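Quick caveat, the model's predicted, so the values are computed rather than measured. Reckoned from all heavy atoms, side chains included, excluding hydrogens, waters and symmetry mates. All ligand and atom numbering here is 1-based and tracks the order in the structure.
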Amino acid sequence: MSTTSPIRMTMGPAGLSNLLERVDDGLAQGLLPVEVFNDEAVFQAEMERIFARAWMFVAHESEIPNKGDYVLRRIGLDPVIVSRDDSGQIRVMSNFCRHRGAQVCQSDHGNTSHFRCPYHGWTFKNNGDWAGAPHAQEAYGGRLDAREWGLLRAPRVDTHQGFIFASLSEEGPGLKEFLGGAAWVLDAICGMHPGGMRVVGVPERTQVRADWKSGAENFAGDAYHIDTLHFGNEQADYVEGLRQNNDFANALVLDGGHGFLCHSFVEMLGPFGEYSVYPAEIKERFDFSGLDEVQRQMVKERPPSVGNIFPNLGFIRFPGTAEAGKPPAVYTSFRQWQPVAPGVMELWSWQFTWNFMSDEEARPGYTAGQYNFSSAGIFEQDDTVAWEGAPRVAQSVWNRKSGMQFNYQQGTGGRVKREPDSTWRGPGVLYRKAYGEFGQMGFYGQWLEMMRKKA
Ligand code: FES
Ligand code: FE
């Protein structure tokens with residue numbers, strides 16, 4: 001059982017720049033000071049310098065297909081309403097009332113033309129404009145400017161493959177530039193049919209006593225843990241082949257801190273393994289006309305299987321058991337490592353399916369996804385328990401005093417030669433086999449770059 005000390009240690013704002021120097025020195029040697037995983041000053045800076053600046057995933061268009069649809073989401077610690085307004089435009093708005101800050105909308109999702117604050121009744125249109133207040137004439141002489149008192153709106157909102165992203169900063173790279181090679185990978189993941197993908201059901205949320213970065217770095221490129229942490233699933237006859245995982249996992253490292261693993265299912269299983277091991281009746285319905293030649297070859301032979309789009313949008317597509325005695329089904333899940341407090345995150349998990357499939361046809365993939373990666377998922381439970389260690393180390397007086405740093409040295413020091421695949425023609429750098437921790441180092445390199453830019 002894990003315990004958490006009631007006394008919280010923090011280096012304070014003054015210690016932060018010193019820590020960032022140590023991180024810079026450490027990363028050059030494949031080391032990372034433990035304080036980054038649980039400290040108030042680090043957390044505050046992450047909120048200001050990363051979450052209030054980067055392009056943050058908030059929802060998928062399929063969750064709000066109709067005018068008036070909305071979902072409640074978060075950007076960092078800020079609750080936001082993601083709505084499709086009466087003109088069909090997507091809006092990302094603060095869910096704090098402009099009058100006294102009460103939470104305007106309380107339902108996770110729905111359809112409405114207006115949001116009415118429960119406290120004094122100020123009312124806002126579904127595009128965020130102020131629409132009125134009770135007794136407006138007597139209270140304000142009817143003189144409130146509707147535009148001035150509307151809900152705060154995220155200054156930039158954009159979409160890619162139906163994924164809605166928002167940035168709380170008016171400046172910085174546009175979404176396509178921010179995503180870089182990850183946009184190309186996302187196109188390949190969702191473009192195996194021109195109709196694209198949709199969300200099934202509602203996202204599941206679980207609180208985990210782990211830092212958000214542990215989820216991000218794991219999905220950015222940690223194939224190394226699979227045949228140890230998850231081996232119990234092979235011993236229980238649930239999966240096979242975990243021991244070969246490292247040989248068949250390729251690491252795709254992209255600029256901007258994005259990273260993916262691409263499993264060579266064809267090398268592992270032959271033609272049966274083509275296209276992420278989708279069953280034949282689904283394979284034959286795919287239409288790759290929207291993909292370029294490199295994407296086509298990638299999704300056929302070594303498709304993206306796990307990944308992280310910086311900072312906190314994870315992805316996994318794998319075959320898994322859907323029901324005892326039935327053939328495996330392929331699930332696609334996007335997930336988000338949402339910071340809640342230093343050393344605590346909420347894990348959000350969306351299950352996706354192809355638009356060419358009916359809800360009934362989507363069921364086995366959904367079930368397989370829930371069996372494997374959900375709060376009760378057999379792989380997810382392994383991961384989240386392991387991730388709880390880092391924040392506990394970061395709060396240990398003994399470890400802090402000892403200058404404890406974690407080891408990321410697989411790709412450093414020249415002990416083992418790690419050559420990129422020179423035949424790779426897609427974006428970024430591809431390594432055959434996933435040893436090297438290049439995805440994790442890319443993630444922390446981007447984290448450091450953004451943390452060093454003060455607001
Ligand atoms: Fe919303 Fe007063 S706080 S109407
Ligand atoms: Fe795992």
Element-labelled atoms of ligand 1 that are located less than 4.0 Å from some non-hydrogen atom of [X]:
| X | value |
| --- | --- |
| Y119 | 2 (Fe), 3 (S) |
| W122 | 4 (S) |
| C117 | 1 (Fe), 3 (S), 4 (S) |
| G121 | 4 (S) |

Q: Evaluate the side-chain proximity of T367 to E323: yes if any heavy-atom separation is below 4.5 Å, no if none is.
A: no
(Q) the Fe ion (ligand 2) and D383: any N/O/S contact shorter than 2.8 Å? (A) yes
Q: Please confirm if an N, O or S atom belonging to H120, backbone or side chain, lies less than 2.8 Å from atom 1 (Fe) of ligand 1.
A: no
Q: Return yes when at least one N/O/S atom of H99 is nearer than 2.8 Å to atom 1 (Fe) of ligand 1, and no when none is.
A: no
**Q.** Ring-face cation contact, F248 with R302, 6.0 Å cut, 45° max
**A.** no
Q.
I'd like to know if D86 pairs up with K67 as an ion pair, taking the criterion as any Lys NZ or Arg NE/NH1/NH2 lying under 4.0 Å from an Asp or Glu carboxylate oxygen.
A. no
According to the interplanar angle, ranging from 0 to 90°, do the rings of [X] and [Y] count as parallel (below 30°), tilted (30 to 60°) or perpendicular (above 60°)?
| X | Y | value |
| --- | --- | --- |
| F163 | F57 | tilted |
| H263 | F265 | parallel |
| H120 | H99 | perpendicular |

**Q.** Residue, atom name and distance, where the atom is the protein heavy atom closest to atom 3 (S) of ligand 1
**A.** R100 N, 3.3 Å
Q | Atom CD of E138: over 12 foreign heavy atoms under 6.0 Å | A | yes
Q. Looking at H230, which of its N, O or S atoms is the nearest one to the Fe ion (ligand 2)?
A. NE2
